[in-house]
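Single-structure report; data block below.
Just so you know, ligand 1 is whichever comes first in the structure, and atom 1 is the first atom listed for that ligand.
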Amino acid sequence: MRTQIGIVGAGPAGLMLSHLLHLAGIHSIVIENRSRAYCEARVRAGLMEHWVSELLVETGVGDRMKRESMVHDGTYLAFNGTAHHIDFSKLVGKHVVIYDQKEVVTDLIARRLADGGEIHFEVEDTSIHDFNSDRPRIRFRSNGQQQEIACDFIAGCDGFHGIARPSVPATAISGFDRVYPFGWLGILAQSPPPEKELIYAYHPRGFALYSMRGPTLPRLYIQCAPDEDIENWPDSRIWEELHTRLAAVGAQELTEGPVLQKGITGMRSFMIEPMQYKRLFLAGDAAHIVPPTGAKGLNLAAVDVRVLARALGEFYGRGSRDLLDRYSAICLRHAWKVQRFSWWMTSMLHLFPGDSAFDRRRQLAELDYLTGSRAAQQSLAENYVGLDVSLNM
Ligand code: RFL
Ligand code: PHB
């Protein structure tokens, strides 16, 4: 097989990249080690920055999103028994959009296949080769057969546990890591949401988040120990904890319903520098992980592939390597700002084991300042709805 861009991974990063490249007249092949059904059902993110939803519409994959998504003009911060509203629309004139990542993936797969795109699902033993030459190759097995893709560039969009990042010589990249001493226990339930928007709650028993996937599908999270055993959390205990932590004046009472899915997620910040090695470009979770508190993972993946698609467009269209050579610097400059925001939200809203009474009071003072200051709210809103990406470096 031969293509211009060989893409490893059919998550949001790989699929969006393949779609944007197609619109720019550039051929790509995507390989994915899971089944199509698995990719379309994986429970992950739910919140898109304003510009990402616009990008989906502008590039012709936003029809279902426009019909089925929920536009949120703001969010709530709850602490000391009171919910405070942060109005993004009033503060910065933008909103965020609630649309499940698995629906974005479903829409992108459908569109790629309708456009004649090549996606190979359920491949095994993926490996990447010769990306330090101008003839990179991707090898894998499909239906028991050994296969090879020859390409001009490889895009490593295979997530945090993929093979692309570990294929770079260790001396060529630096990693920056922070593991948080807690996790999130998340459930997807069936019951009417109490509020039209999200509630981020700081509570003496730990952080809680009220989010949603639709008008009758709340997605709820509680801070838990990083090594917590889900077996210790029968549904009744989860609901009890959610009631306690999310109880706030100004927010309606939470309604219980059947739990459709539950799981525990670890929390980490991770970055590598640079995000490129020769003819291998890393994008999305393959290059960086943010703690979910800022709702940024999917959005960061979208930034990377938008920059990469544009840079490859300039390479093939005008023969210019300029933007391609600046890919890593441009994405890292943005990703570090997003990393900072996600760390800040996480630090402000969670209980850290071993924290003193001083630390708790400082967190409450920060929340008090934030909810009382228009300047501070504007800063949160600007980051939350999505910072502009500068192509100048
Ligand atoms: P993905 O989605 O992990 O996709 C990578 C794909 O690569 C495949 N793969 C391989 N394919 C072939 N060969 C190999 N050797 C391969 N190894 C792996 C995988 O099967 C997979 O299909 O990475 P991508 O595309 O970079 O997208 C990143 C996002 O998925 C991630 O950042 C977000 O889900 C993070 N995240 C959130 N982001 C948001 O923007 N808003 C949110 O509200 C939000 N909430 C969340 C989240 C992530 C969570 N978890 C479970 C980590 C909530 C949670 C609980
Ligand atoms: C989610 O809906 O899964 C979600 C929303 C906001 C966050 C994190 C996760 O900050």
Could you tell me, atom by atom, which parts of ligand 1 come under 4.0 Å of a heavy atom of [X]?
X	value
Ile163	15 (N)
Gly297	32 (O), 35 (C), 38 (N), 39 (C), 40 (O)
Gly162	17 (N)
Cys157	5 (C), 6 (C), 7 (O)
Asn299	40 (O)
Gly284	26 (O)

Between ligand 1 and [X], is the shortest N or O to N or O distance under 3.5 Å?
X	value
Pro12	yes
Ala13	yes
Ala286	no
Gly159	no

Part of Trp184 with heavy atoms under 4.0 Å of ligand 1, whether side chain, backbone, both or neither: neither
Would you mind telling me which of Ile26, Ile149, Val30, Ile138 makes a side-chain contact (heavy atoms from CB on, under 4.5 Å) with Thr3? Ile149
Do the side chains of [X] and [Y] get close enough for a salt bridge, i.e. N-O under 4.0 angstrom?
X	Y	value
Glu241	Arg205	yes
Lys94	Glu49	no
Asp73	Lys90	no
Asp107	Arg111	no
Arg137	Glu148	yes

Counting only heavy atoms not in Trp343 (residues, nucleotides, ligands), do more than 12 fall under 6.0 Å from its CH2? no
Might you confirm whether atom CZ of Arg310 has over 12 heavy atoms from other residues, nucleotides or ligands at distances under 6.0 Å? no
Looking only at N/O atoms, are Leu47 and ligand 2 under 3.5 Å apart anywhere? no
Give yes if a backbone or side-chain nitrogen or oxygen of Trp184 is under 3.5 Å from a nitrogen or oxygen of ligand 2, and no if not. no
Heavy-atom nearest neighbour of atom 17 (N) of ligand 1 within options Val52, Thr293, Asn33: Asn33
Consider only side-chain N and O atoms of Glu228 and Trp233, and report whether a donor and an acceptor are under 3.5 Å apart. yes
May I ask you to identify the nearest protein heavy atom to [atom], giving residue, atom name and distance to one decimal place in Å?
atom	answer
atom 10 (O) of ligand 2	Tyr200 OH, 2.7 Å
atom 9 (C) of ligand 2	Tyr221 CE1, 3.8 Å
atom 8 (C) of ligand 2	Pro292 O, 3.2 Å
atom 5 (C) of ligand 2	Ser211 OG, 3.5 Å

Please determine whether any non-hydrogen atom of Arg42 lies less than 4.0 Å from an atom of ligand 1. yes
Pairs under 3.5 angstrom only: tabulate donor-acceptor contacts from the side chains of residues 273-282 to other protein residues two or more places apart or in another chain.
unit_1: Glu273; atom_1: OE2; unit_2: Trp336; atom_2: NE1; d: 2.8
unit_1: Gln276; atom_1: NE2; unit_2: Lys278; atom_2: O; d: 2.9
unit_1: Arg279; atom_1: NH1; unit_2: Asp152; atom_2: O; d: 2.8

